[in-house]
Amino acid sequence: MRLATWNVNSVRARSERIAAWLTRSEVDVLAIQETKCRQDQFPTEVFTELGYTVAHHGHSQWNGVAIASRVGLEEVRRDFPGQPTWKDEDQPEARAIGARCGGVDVWSLYVPNGRELDDPHYVYKLDWLAALRTAGTAWLEEDPAARIALCGDFNVAPEDTDVWDMAEFEGSTHVSPAERDAFAALVEAGFTDTVRPFAPGPGVYTYWDYKGLAFPKRKGMRIDFVLASPALAAQVADGRIDREERKGKGPSDHAPVIVDLSTSG
DNA sequence: ATGGTGGGTGGCCCA
């Protein structure tokens with residue numbers, strides 16, 4: 001089974017590229033972030049015409065997450081247990097959707113950006129990551145053999161080599177000790193980065209800003225991950241980042257991250 | 001070439 005995650009930066013603006021990419025990449029399950037639309041605006045047909053079932057979670061023009069699968073899509077869950085809210089205390093932002101696809105519990109996650117170290121959004125981001133760790137720990141306590149994939153845009157660069165120049169990030173989010181601790185806590189809870197062993201740095205990124213010719217200048221960040229539970233990590237056969245998809249006309253600012261799972265077990 | 005990138009929206013917000 002081939003599993004991927006991709007922050008598409010608007011599913012409507014990117015629908016043709018997404019369809020073309022799905023067709024040539026032969027992905028079975030795609031976790032999508034930043035759909036940037038409401039439920040009624042989601043282009044379901046783009047996916048169904050290619051043989052995928054799709055579940056979307058979007059409240060507004062902000063955030064929005066989805067899962068497309070051609071190996072089954074069951075037990076759809078919008079929001080994870082204990083997910084922090086922002087402003088609207090009755091309803092979390094549309095940053096998490098989970099579904100069972102081909103025996104794997106796939107989550108598509110869009111971690112809050114954080115904005116600045118002294119911004120309330122930064123505290124929200126840390127709370128969000130801590131709550132995800134709590135939820136993930138509970139899932140594994142309930143079933144240590146569960147095959148769980150935490151896929152998405154984590155908005156954290158866990159290592160110094162995950163940004164092009166640490167000096168440029170002094171005083172910035174994404175690289176602070178607290179953010180890296182929160183990411184490391186997910187790993188300690190049992191969710192390992194499946195792609196890094198196959199695509200080690202330095203200079204290996206998943207995101208390049210649109211501004212200032214960042215992509216041709218190779219000024220990127222590794223902030224998108226597929227984190228796998230122990231049982232799922234044992235099945236990972238390959239992992240890669242499709243940086244070719246960042247090229248050409250009208251790309252997302254993120255590249256897809258792909259994991260191949262062995263069919264045995 | 002007094003801007004700078006590109007989504008969303010609607011006369012600015014977000015990444």
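In what follows, chains carry the letters A, B, and so on, assigned in the order in which the sequence lines appear, proteins first and then strands, with residues in each chain numbered from 1. Heavy atoms only: backbone and side chains are in, while hydrogens, waters and symmetry mates are out.
Across all their heavy atoms, His59(A) and Glu93(A) have their closest contact at CD2-C, 4.2 Å.
Between Phe42(A) and His56(A), the ring planes are parallel. Angles under 30° get that label, and only those over 60° would be called perpendicular. Under the 30°/60° scheme for interplanar angles, the aromatic rings of Trp107(A) and Trp139(A) are found to lie parallel.
Both Lys36(A) and Asn7(A) lie close to DNA chain B; mapped to their nearest nucleotides by heavy-atom distance, the more 5′-ward contact belongs to Lys36(A). Nearest-nucleotide positions on DNA chain B for Arg14(A) and Tyr207(A) put Arg14(A) closer to the 5' end.
The distance between the ring centers of Phe154(A) and Trp128(A) does not fall below 6.0 angstrom.
Comparing dT9(B) with dC14(B), their P atoms are spaced 14 Å from each other, to the whole Å. Comparing the C1' positions of dA1(B) and dC12(B) gives an interatomic distance of 25 Å, to the nearest angstrom. Only the C1' atoms considered, dG4(B) is 16 Å distant from dA15(B), to the nearest whole Å.
With 3.5 Å as the limit, one finds no donor-acceptor pair spanning the side chains of His174(A) and Asp162(A). Checking Gln235(A) against Arg147(A) by side-chain atom types alone, a donor-acceptor pair falls below 3.5 Å. For the 3.5 Å distance criterion, the side chains of Lys36(A) and Asn9(A) qualify, holding a donor opposite an acceptor. With no hydrogens or angles considered, a side-chain donor-acceptor pair links Trp21(A) and Asp242(A) at under 3.5 Å. Judged by distance alone, the side chains of Glu245(A) and Ser252(A) never bring a donor and an acceptor atom under 3.5 Å apart.
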Check: With Watson-Crick and G-U wobble geometry limited to distances under 3.5 Å, how should the secondary structure of DNA chain B be encoded in dot-bracket form, using | for bases paired to another strand and [ ] for crossing pairs?
Finding: ....((((...))))
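Read 5' to 3', the first and last nucleotides of DNA chain B with an atom closer than 4.0 Å to a heavy atom of chain A are dT5(B) to dA15(B).
Using a 4.0 Å heavy-atom distance criterion, Tyr110(A) is classed as a sugar-phosphate-only contact.
Checking side-chain atoms of Arg180(A) against main-chain N and O of Ala157(A) turns up a donor-acceptor pair under 3.5 Å.
With respect to the salt-bridge test (charged N to carboxylate O, under 4.0 angstrom), the residues Arg2(A) and Asp28(A) do not qualify.
Against DNA chain B, the stretch residues 113-128 of chain A makes heavy-atom approaches under 4.0 Å through Asn113(A), Arg115(A).
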